[in-house]
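Below: one structure, written as structure tokens.
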Protein chains: 2
Amino acid sequence: MVALDRSLISRLPLFQGMTPEEQSELLRSARSSRYAKDSTIFEQEAEANSFFVLIAGHIRVVRTTPDGQQVIARYISEGEIFGVAAALGRTTYPATAVAAVDCVVLAWANSQWAELARRFPVFGATTYKTVGTRLQETQTRVVEMSTEQVEQRVAHALLRLANQTGRKTDSGIEIDFPISRQDIAEMTGTTLHTVSRLLSKWEDNGIILSGRQKVTVKDAHRLVVLAENRDKG
Amino acid sequence: MVALDRSLISRLPLFQGMTPEEQSELLRSARSSRYAKDSTIFEQEAEANSFFVLIAGHIRVVRTTPDGQQVIARYISEGEIFGVAAALGRTTYPATAVAAVDCVVLAWANSQWAELARRFPVFGATTYKTVGTRLQETQTRVVEMSTEQVEQRVAHALLRLANQTGRKTDSGIEIDFPISRQDIAEMTGTTLHTVSRLLSKWEDNGIILSGRQKVTVKDAHRLVVLAENRDKG
DNA sequence: TCCCGAGTTTGCGCCAGCGCAAATTGTCCA
DNA sequence: TGGACAATTTGCGCTGGCGCAAACTCGGGA
């Protein structure tokens with residue numbers, strides 16, 4: 001359990017449009033915890049008891065196939081709600097959530113969902129909207145997997161990461177958490193080898209900078225061209 | 001506009017748990033229409049004014065890429081709600097909905113959503129649950145596209161169609177609406193040529209029967225083996 | 001009934017990207 | 001400071017499935 005200042009959460013969009021009193025009340029009904037890098041918040045197939053809001057850090061949501069292959073469903077950023085499929089009728093978590101860096105998380109029991117959604121309509125509405133948005137995004141991903149080459153998909157993935165979690169540095173936009181070639185492969189449906197080859201090429205071309213578990217986008221514009229073009233780069 | 005008997009809808013799960021009076025009221029606030037085979041219910045990118053429930057028929061939901069390629073997002077069956085992404089915060093439809101056969105559809109103005117969800121909590125709850133389920137299903141599809149071979153994906157797609165919309169005939173389970181090789185290709189991220197080759201092979205092996213825009217699953221069990229096996233069939 | 005066109009089948013060549021293997025490099029910990 | 005290990009890079013050969021092209025075949029409308 002972690003003591004949380006209200007100021008930590010009042011900056012998050014999810015809690016905008018609530019009075020300070022409401023924010024405090026919402027906070028009181030939650031329990032908060034820290035998760036160390038690489039620790040698991042919840043496990044696929046486990047009984048879903050809680051839903052969560054990420055206060056600080058980055059979380060990787062992973063689906064594992066029966067034969068052990070992993071696919072990254074999405075990364076969760078600060079202020080996002082997650083583990084809610086359960087609040088929408090599921091009884092088990094459909095994926096595993098792992099802290100990509102040290103994280104701070106708020107959790108509520110699922111049984112509180114109806115009550116909270118009633119008391120804080122903004123909260124409920126935002127959640128439904130979020131789920132709708134994720135459905136759209138996931139369908140977009142299906143379209144990409146169906147119609148694009150690997151190079152385009154990887155370019156798209158990097159651009160998305162840079163937009164959502166990018167941190168401006170003097171050499172470009174750096175992805176804000178450790179991410180391996182394998183991770184990128186699991187986001188795009190390819191192998192770490194192919195990702196490595198692509199990143200090497202792009203680094204030679206001055207489009208990105210990369211190191212161990214690190215990618216910096218130097219020239220987003222050219223990456224967009226790669227992502228959209230149907231020809232070779 | 002089509003005159004609708006309440007008995008037409010009272011059998012649908014979506015309207016279970018409502019009193020006959022509520023059902024009638026819900027019906028009165030909707031407008032109903034018929035759509036001929038191949039006609040469009042709504043178009044991708046168009047302003048989203050309404051959401052819908054399919055009363056009879058089958059609807060194909062399609063996403064088109066900027067360069068004109070199509071991907072089938074899903075098929076809608078009787079009793080399902082669709083075109084709701086708008087009710088969840090979007091202002092335009094993310095896909096195009098086309099009648100796969102002659103259809104009967106109920107429609108409500110988006111502006112009625114909040115009111116209806118308030119008056120008929122079951123209706124709202126079912127919808128949110130549906131969206132959650134579709135998110136799961138779509139993510140499953142991403143996993144399949146990432147980890148499975150084309151043959152397995154096509155087998156999975158056929159099994160899903162057979163389960164959801166299959167009609168028992170004396171020779172097996174027949175998919176209940178006209179579906180072309182091209183359609184199956186757009187569901188699985190491959191080409192009609194590859195689908196055709198697979199179906200031919202499976203027909204030779206006695207697993208399916210197929211004709212023009214028609215597929216009948218004769219031996220679902222062997223299809224499951226193909227869908228799950230990592231080896232060749 | 002015949003004809004036309006959409007839907008389907010099938011052959012052939014090719015290549016993007018995978019699988020395997022081995023070398024290389026950065027990082028953390030003792 | 002020196003391993004030791006994890007992450008990354010890179011070479012090489014192979015193949016699943018795509019693209020193209022052509023032939024074929026239903027089914028419905030004139």
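Please read all numbers here as calculations on a predicted model, not as lab measurements. By convention in this document, chain letters (A, B, ...) are assigned in the order of the sequence lines, proteins followed by strands, and residues within each chain are numbered from 1. Atoms considered below: every heavy atom in the structure, side chains included; atoms not considered: hydrogens, waters and symmetry mates.
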Do any side-chain atoms of residues 36-47 of chain A form donor-acceptor pairs under 3.5 angstrom with protein atoms, and if so which ones, sequence neighbours left out?
unit_1, atom_1, unit_2, atom_2, d
A/S39, OG, A/A36, N, 3.2
A/S39, OG, A/A36, O, 2.5
A/Q44, OE1, A/T64, N, 2.9
A/Q44, NE2, A/T64, O, 3.1

Checklist entry - C/dT9 P sits how many Å from B/D204 CG, rounded? => result 10 Å

Checklist entry - A/S171: what forms a side chain to side chain donor-acceptor pair (under 3.5 Å) with it, not counting sequence neighbours? => result A/T169

Checklist entry - In whole Å, what is the span from the NZ atom of B/K37 to the P atom of C/dA6? => result 13 Å

Checklist outcome for this item: Residue pair B/S210/A/T191 against DNA chain C: nearer the 5' end by closest nucleotide is B/S210

Checklist entry - If you look at every strand shown and take non-hydrogen atoms under 4.0 Å, does B/R212 touch a base, only sugar-phosphate, or nothing? => result base

Checklist entry - Under 4.0 Å between a Lys/Arg side-chain N and an Asp/Glu carboxylate O for A/R160 and A/E144? => result yes

Next on the checklist: Base of C/dT10, side chain of B/H193 - is there a donor-acceptor contact under 3.5 Å?
Outcome noted: yes

Next on the checklist: So, OP1 or OP2 of D/dT8: does either fall under 4.0 Å of a side-chain N or O from A/R181?
Outcome noted: yes

Checklist entry - Does a nitrogen or oxygen in the side chain of A/S200 sit under 4.0 Å from OP1 or OP2 of D/dT10? => result yes

Checklist entry - Hey, is the side chain of A/T194 poking within less than 4.0 Å of OP1 or OP2 on C/dG17, counting only N and O atoms? => result no

Checklist entry - Is the base of D/dT9 touched by the side chain of A/R197 through a donor-acceptor pair closer than 3.5 angstrom? => result no

Next on the checklist: Output the rounded distance in Å from CG (B/L192) to P (D/dG17).
Outcome noted: 16 Å

Next on the checklist: The test is salt bridge (charged side-chain N to carboxylate O under 4.0 Å, His left out); show your working for A/R74 and A/E80 and say whether it passes.
Outcome noted: CA-CA 12 Å; A/R74 61 183 302 112; A/E80 280 190 81; 3.7 Å; yes

Checklist outcome for this item: Here the distance between atom P of C/dT8 and atom CD1 of B/I208, to the nearest Å, is 12 Å

Checklist outcome for this item: When rounded to whole Å, the CD to C1' distance for the pair A/E151 and C/dG17 reads 12 Å

Checklist entry - Is the shortest side-chain N/O distance from A/T190 to OP1 or OP2 of C/dC18 below 4.0 Å? => result yes

Checklist outcome for this item: Heavy-atom nearest pair, B/A30 first then B/L106, reads CB-CD2, 4.2 Å

Checklist entry - In whole angstroms, how far is the C1' atom of D/dC18 from the CE atom of A/M145? => result 16 Å

Item to check | Length of the CD-C1' vector between B/Q149 and C/dA16, whole Å | outcome: 15 Å

Checklist entry - Within this structure, what is the CG-to-P distance between A/L199 and D/dT10, rounded to whole angstrom? => result 11 Å

Checklist entry - Which comes earlier along DNA chain D counting from the 5' end, the contact point of B/G189 or that of A/K214, where each point is its nearest nucleotide? => result A/K214

